[in-house]
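In what follows, a structure is listed as structure tokens, so that the remarks can point back to it.
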2 protein chains.
Amino acid sequence: MALAEAILVCLNEEDLSGYELAKRFDTSVGFFWKASHQQIYRELAVLKDKGWVAATTVEQEGKPNKHLFSIKREGRQHLKAWAIERSAPATHKDDFLLKLYAFDVIDLQAFAQELADRRLAHQARLALYEKILSKRYAAPKLTKAQTGRLLALRGGLSYERHWLAWCNESLSVVHEQLLAQRPAKA
Amino acid sequence: MALAEAILVCLNEEDLSGYELAKRFDTSVGFFWKASHQQIYRELAVLKDKGWVAATTVEQEGKPNKHLFSIKREGRQHLKAWAIERSAPATHKDDFLLKLYAFDVIDLQAFAQELADRRLAHQARLALYEKILSKRYAAPKLTKAQTGRLLALRGGLSYERHWLAWCNESLSVVHEQLLAQRPAKA
DNA sequence: ATGTCCATGTAATCCGTTACATGATTAT
DNA sequence: ATAATCATGTAACGGATTACATGGACAT
């Protein structure tokens, strides 16, 4: 389990509230780790119990108060120790690709539609990553922390390009299949 | 949840025991869906209760008996209905990539080692997929079911190539960092 | 002797998802 | 008016992981 560590790496950058953390898990860190706000609030309580993070309440006007969390020395030590250990192999779970294994059973029209939507989603993600690349990593000299995040971003860019290309190829294959199924029906 | 469907697509191909299914989840289907034998045995019991699969006991000599499972008409109907619905977005979880977000805190030597191991793993996977491609999909005319699995395989090939390239690039960046950290220490 | 493969399961625990709950502010 | 954003949580449930348990066959 690495939810704890995913939270700690965020707090290592800057102090954040549970709500703000939840937003990070929709974008940056969320590329490798998904988590809902409920999970995050629960985990923050655990981390506080362990003494890895500290909490302070920030009073705000016109908005609810925030509980700001910051990483403690113990938390940083834990991160270091965790990073030395071998990571568990990545888990992939994708229902959509599973459908390819039942290709002779499924409705190809619906599949093609979903594939087209995925293509758009990968395109959008790719555009977002390219924007981040040009806005945040254009400087000639990067800090160590930035170097790490740039490597992650490059992984993301390459990942999106690969799936985008795959979607394009696969769409043409599926369309061929659809034509072959109903020859000259118009 | 798509463990049920992951099992059903396997049984749609051929009858299998829980043990044999578990092995599929280490290779073919396992590319999109990971599951342990414990999960599989439990889920098979549920599927049998629902009437989507049937079980028969096969007596064997010198080996324990098998419980062979086969998909029923109701199971195939369920697969069809499931495939029309939109899939949940894929979940990615990778502790290793998370480490990139704590690049200024972690031990780069250990990270480089792990990265090198990942490179080898991607290389091995790629070689495996290339072998499957040439052995099983060399025929000029493929069945519909084969076409689906070929698309999945192409996804896998492209995926491994992309991560392999990323590992190579990243290794050189990490090695540069290591040299910069200890300038002329030999 | 030691380990891996075949083959199946139970039990406990932990993690993740869904649903419920509140309430003010700001934008359309 | 309606919806989205900010901000926090609880409760119930369901899914996934880890540990435990068994036992013969076969290879090194």
Side-chain angles (χ1 to χ4, degrees), chain A residues 1-8 10 15-27 29-30 32-50 53 55-69 85-95 98, chain B residues 1-7 10 15-27 29-30 32-50 53 55-69 86-95 98:
Chain A
M1 210 280 298
L3 175 56
E5 289 79 14
I7 290 173
L8 288 173
C10 291
D15 296 355
L16 294 165
S17 69
Y19 185 80
E20 287 162 340
L21 270 164
K23 279 195 296 180
R24 299 292 167 111
F25 280 85
D26 285 338
T27 56
V29 189
F32 324 111
W33 212 271
K34 287 272 167 231
S36 62
H37 76 274
Q38 293 91 336
Q39 271 180 282
I40 291 165
Y41 285 119
R42 190 168 42 177
E43 193 66 31
L44 279 170
V46 173
L47 293 176
K48 200 179 159 188
D49 257 28
K50 285 188 178 167
V53 302
T56 39
T57 301
V58 177
E59 310 235 340
Q60 297 186 128
E61 277 176 39
K63 289 179 187 180
N65 294 341
K66 281 204 243 199
H67 301 302
L68 255 197
F69 291 88
E85 280 170 36
R86 286 300 153 118
S87 298
T91 58
H92 322 92
K93 296 215 166 176
D94 197 333
D95 306 34
L98 210 51
Chain B
M1 211 280 297
L3 173 57
E5 289 80 14
I7 291 173
C10 291
D15 296 356
L16 294 165
S17 69
Y19 185 80
E20 289 163 339
L21 270 164
K23 279 195 297 180
R24 299 292 167 111
F25 280 86
D26 284 338
T27 55
V29 189
F32 324 112
W33 211 271
K34 288 272 167 233
S36 61
H37 76 273
Q38 294 90 337
Q39 273 179 282
I40 291 165
Y41 285 120
R42 189 169 44 175
E43 192 65 32
L44 280 170
V46 173
L47 293 176
K48 200 180 159 190
D49 258 27
K50 284 187 179 168
V53 302
T56 40
T57 301
V58 177
E59 309 235 342
Q60 297 186 127
E61 277 175 39
K63 290 179 187 179
N65 295 340
K66 280 202 243 198
H67 301 303
L68 256 197
F69 291 88
R86 286 299 153 119
S87 298
T91 57
H92 322 92
K93 296 216 168 176
D94 198 333
D95 305 36
L98 211 50

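All values below come from the heavy atoms of this structure, side chains included, with hydrogens, waters and symmetry mates left out. This is a predicted model, so every value here is computed, not measured. Proteins come first, then strands; the chains are lettered A, B, ... in the order of their sequence lines, and each starts at number 1.
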Taking only residues two or more places apart in sequence, or in another chain, which ones meet A/His67 in a ring pair (Phe, Tyr, Trp, His ring centres under 6.0 Å)?
none
Restricting to ring pair (Phe, Tyr, Trp, His ring centres under 6.0 Å), what partner residues turn up for B/Phe32, sequence neighbours left out?
A/Tyr101
Side-chain contact check for B/Tyr19: nearest option of D/dC6, C/dG16, C/dA7 is C/dA7
Assign a letter to each nucleotide of nucleotides 21-28 of chain D from its 5' end: B, base within under 4.0 Å of a protein heavy atom; S, sugar-phosphate only; -, no contact.
--B-S---
Note the angle between the end axes of the helix from C/dA1-D/dT28 to C/dT28-D/dA1, five pairs defining each, rounded to 10 degrees.
50°
Is the shortest side-chain N/O distance from B/Ser36 to OP1 or OP2 of D/dT18 below 4.0 Å?
no
Correct closest heavy-atom pair for A/Ser17 and A/Phe69 would be CA-CD1, 4.4 Å
Closest approach of B/Tyr41 to B/Tyr19 (non-hydrogen atoms, all atoms of both residues)
OH-N, 3.4 Å
Gap between atoms NZ and C1', on A/Lys23 and D/dT8 respectively (whole Å):
14 Å
Report the distance from atom CD of B/Glu20 to atom C1' of C/dG9, rounded to the nearest whole Å.
17 Å
Interatomic distance where CD belongs to B/Glu5 and C1' belongs to D/dG15 [whole Å]:
14 Å
List the atom of A/Asp26, the atom of A/Lys34, and the distance in Å for their closest heavy-atom pair.
O-NZ, 4.2 Å
Would you say a side-chain N or O of B/Lys34 is under 4.0 Å from OP1 or OP2 of D/dT17?
no
With a 4.5 Å limit on heavy-atom distance, are the side chains of A/Ile7 and A/Leu44 in contact?
yes
Atom pair distance, as rounded to whole Å: CZ in B/Phe25 and P in D/dT17
12 Å
Does anything in residues 38-48 of chain B come within less than 4.0 Å of DNA chain D? Heavy atoms only, and list the residues if so.
B/Gln38, B/Gln39, B/Arg42
Do you know which two heavy atoms are closest between B/Lys66 and B/Gln60, and how far apart they sit?
CE-OE1, 3.2 Å
Exercise: identify the closest heavy-atom pair between B/Leu68 and B/Leu16:
CD2-C, 3.4 Å
A/Lys93 NZ to D/dT17 C1', in whole Å, measures 11 Å
How many Å lie between CG on A/Asn65 and C1' on C/dT22, as a whole number?
15 Å
What's the separation between atom OG in B/Ser36 and atom CZ in B/Arg42, rounded to the nearest 0.5 Å?
8.0 Å
Sequence neighbours left out, what passes side-chain contact (heavy atoms from CB on, under 4.5 Å) with A/Ala2? Give chain and number order.
A/Glu5, A/Trp33, B/Asp95, B/Leu98
Map B/Gly18 and B/Thr91 onto DNA chain C by nearest heavy atom, then report which one ends up closer to the 5' terminus.
B/Gly18
Side-chain (A/Glu43) to main-chain (A/Ile40) donor-acceptor, under 3.5 angstrom
no
Nearest-angstrom distance from the residue atom CZ of A/Phe69 to C1' of D/dT8:
10 Å
Please lay out, stage by stage, how A/Asp15 and A/Glu20 fare under the test side chain to side chain contact (heavy atoms under 4.5 Å, CB included).
CA-CA 9 Å; A/Asp15 296 355; A/Glu20 287 162 340; over 6 Å; no
What's the NE2-C1' distance between A/His92 and D/dA16, to the nearest Å?
17 Å
